[in-house]
Participant: 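Mind having a look at this structure? Questions to follow.
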Amino acid sequence: MPLNIAILASGSGSNAQAIMDKIAAGLLDARIVTVLCNRPGAGVIACAEKAGIPCQVLDHTQFADRESFDRRMVAALQEAGAELVVLAGYMRLLTAPFLDAFAMRVVNVHPAVLPSFPGLHGAQDAVDYGVRISGCTVHFVEEKMDSGPVIIQAAVPVNPEECAKSLQQRIQSLEHRIYPQAIQWLAEKRITLDGRRTRLAPGAAPRSEDRGDWLVWPPLEQGF
Ligand code: GAR
């Protein structure tokens, strides 16, 4: 049985699209039961519509406070039958009512090697700091921003003259690989938690042969 996932997004939807593509390619054993977007007009809405995936726009500015907005989202996600909530460029903190309803069933992708550069501008902050290596992280979500146990990380070298936009693009192309891979591991129930640490049980798929100008750990499997 495919894993029922819901995607929460605020932006252009390139990660949502990458997840849809891996499902369509038969590599990711998941079904997107709904896409929830908090920004009317965001690109992710068109991505979902094109793929024929139910998409609901819930505008957070129309709610009295964070908790009442999050409760409304929980109702929509439960109604849709979501087993895992996938944050794909969702730019709001989740409150306790949400995280209690989906305890350790919410994952996020962040454009930095956490715990470095949490927040809204991971790539820009890395360039401003002058780091020589940056990357991206898929992690479980806790109430504190960008802080939950790490599932997979990828690192890229930062070129000295590089602007944040170029770094962000190179990071995103890796997000599009590591995020579907992490969700597939969750669908296969191969990720377990040991305190803050996650463990990946061995699987049948061979390692990806593709070795580029980056480091991904644990290694990607074929097709991701
Ligand atoms: C992604 O790069 C993701 O890492 C980032 O938003 C972008 C959304 O792009 N998320 C965060 O910064 C969360 N703190 P997308 O809409 O094209 O997937």
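Positions are given from 1, in the same order as the sequence printed here.
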Participant: Apply side chain to side chain contact (heavy atoms under 4.5 Å, CB included) to Arg197 and list each qualifying residue two or more places apart in sequence or on a separate chain.
Facilitator: none
Participant: Considering residues at least two apart in sequence or located in another chain, which fulfil the salt bridge (Lys or Arg N to Asp or Glu O under 4.0 Å) criterion with Glu221?
Facilitator: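 Arg190.
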Participant: Without swapping roles, check the side chain of Asn38 against the backbone of Asp59 for a donor-acceptor pair under 3.5 Å.
Facilitator: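 Checked: no pair found.
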Participant: If you look only at distance, which donor and acceptor atoms sit under 3.5 Å apart when one is on a side chain in residues 20-34 and the other is two or more places apart or in another chain?
Facilitator:
unit_1, atom_1, unit_2, atom_2, d
Asp21, OD1, Gln17, NE2, 3.0
Lys22, NZ, Gly223, O, 2.6
Arg31, NE, Asn4, OD1, 3.1
Arg31, NH2, Asn4, OD1, 3.3
Thr34, OG1, Gln56, NE2, 3.4

Participant: As a test of understanding, state which of Val57, Val44, Leu77, Ile7 forms a side-chain contact (heavy atoms from CB on, under 4.5 Å) with Leu36.
Facilitator: Leu77
Participant: Considering only Ile, Leu, Val, Met, Phe, Trp and Tyr, and joining two whenever side-chain heavy atoms are under 4.5 Å apart, list the other residues clustered with Met91.
Facilitator: Leu120
Participant: Is any side-chain heavy atom of Ile5 closer than 4.5 Å to one of Ile19?
Facilitator: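 A side-chain contact under 4.5 Å exists here.
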Participant: Which donor-acceptor pairs under 3.5 Å do the side chains of residues 148-162 make with protein atoms, sequence neighbours left out?
Facilitator:
unit_1, atom_1, unit_2, atom_2, d
Gln153, NE2, Leu114, O, 3.1
Gln153, NE2, Thr137, OG1, 2.9
Glu162, OE1, Asn159, N, 3.1
Glu162, OE1, Arg170, NH2, 2.7
Glu162, OE2, Ser166, OG, 2.5
Glu162, OE2, Leu167, N, 3.3
Glu162, OE2, Arg170, NE, 2.9
Glu162, OE2, Arg170, NH2, 3.2

Participant: Once ring-ring contact (aromatic ring centres under 6.0 Å, His included) is applied, do any residues pair with Phe140, and if so which ones, sequence neighbours excluded?
Facilitator: none
Participant: Measure across Cys47 and Gly13 and return the closest heavy-atom pair with its distance rounded to 0.1 Å.
Facilitator: SG-O, 4.1 Å
Participant: Would you say the side chain of Ser10 lies within less than 4.5 Å of the side chain of Arg92, judging by non-hydrogen atoms?
Facilitator: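 No, too far: nothing below the 4.5 Å cut-off.
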Participant: Take Leu8 and Val85 through the test side-chain contact (heavy atoms from CB on, under 4.5 Å) and record every step on the way to the result.
Facilitator: CA-CA 7 Å; Leu8 262 57; Val85 179; 3.9 Å; yes
Participant: Tell me every residue that passes side chain to side chain contact (heavy atoms under 4.5 Å, CB included) with Gln222, counting only those two or more places apart in sequence or in another chain.
Facilitator: Pro206
Participant: Determine, using the 4.5 Å side-chain heavy-atom cutoff (strictly less than), whether Val113 and Tyr179 are members of one ILVMFWY cluster.
Facilitator: no
Participant: How about Pro111 and Gln172: do any of their side-chain heavy atoms sit closer than 4.5 Å?
Facilitator: no
Participant: Is there a side-chain contact (heavy atoms from CB on, under 4.5 Å) between Glu143 and Leu94 once you walk through the steps?
Facilitator: CA-CA 6 Å; Glu143 223 172 314; Leu94 292 171; over 6 Å; no
Participant: Check whether Leu186 and Leu193 end up in the same hydrophobic cluster, where Ile, Leu, Val, Met, Phe, Trp and Tyr are linked by side-chain heavy atoms less than 4.5 Å apart.
Facilitator: yes
Participant: Do Pro180 and Phe224 come within less than 4.5 Å of each other through their side chains, counting heavy atoms only?
Facilitator: yes
Participant: Please report the interatomic distance CZ(Phe69) to OG1(Thr61), rounded to the nearest 0.5 Å.
Facilitator: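 It comes to 9.0 Å.
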Participant: Can you sort out the partners of Gln124 under side chain to side chain contact (heavy atoms under 4.5 Å, CB included), two or more places apart, ordered by chain and number?
Facilitator: His121, Asp128, Ala164
Participant: Around atom CD of Glu79, are there more than 12 heavy atoms of other residues, nucleotides or ligands at under 6.0 Å?
Facilitator: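 Open.
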Participant: Using the test side chain to side chain contact (heavy atoms under 4.5 Å, CB included), find all partners of Thr95 that sit at least two apart in sequence or belong to another chain.
Facilitator: Arg66, Glu67, Asp70, Pro97
Participant: Measuring from atom NE2 of His60 to atom OG of Ser68, what distance do you get when rounded to the nearest 0.5 angstrom?
Facilitator: 12.0 Å
Participant: In a table with atom names and distances, give each donor-acceptor pair under 3.5 Å that connects a side chain of residues 98-107 to protein atoms at least two apart or in another chain.
Facilitator:
unit_1, atom_1, unit_2, atom_2, d
Arg105, NH1, Glu83, O, 3.1
Arg105, NH2, Ala101, O, 3.2

Participant: Please round to the nearest 0.5 Å and tell me the distance separating atom NE2 of His110 and atom CD1 of Ile171.
Facilitator: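 If we round to the nearest 0.5 Å, His110:NE2 and Ile171:CD1 are 8.5 Å apart.
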Participant: Please give the remaining members of the hydrophobic cluster of Leu93, linking ILVMFWY side chains under 4.5 Å, ordered by chain and number.
Facilitator: Met145
Participant: Can you list the steps and then say if Ile178 with Cys136 is a side-chain contact (heavy atoms from CB on, under 4.5 Å)?
Facilitator: CA-CA 9 Å; Ile178 69 170; Cys136 45; 3.7 Å; yes
Participant: Indicate, with yes or no, if Val109 and Leu215 share a hydrophobic cluster defined by side-chain heavy-atom contacts under 4.5 Å among Ile, Leu, Val, Met, Phe, Trp and Tyr.
Facilitator: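 In one cluster: no.
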Participant: Find out whether Ser116 and Val131 are in side-chain contact, i.e. whether some heavy atom of one side chain is under 4.5 Å from a heavy atom of the other.
Facilitator: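 No; the side chains remain at least 4.5 Å from each other.
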Participant: Are any of the side-chain heavy atoms of Met73 and Leu58 separated by less than 4.5 Å?
Facilitator: yes
Participant: Does Asp65 have any salt bridge (Lys or Arg N to Asp or Glu O under 4.0 Å) partners at least two apart in sequence or in another chain, and if so, which?
Facilitator: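 For Asp65, no residue satisfies salt bridge (Lys or Arg N to Asp or Glu O under 4.0 Å) once neighbours in sequence are set aside.
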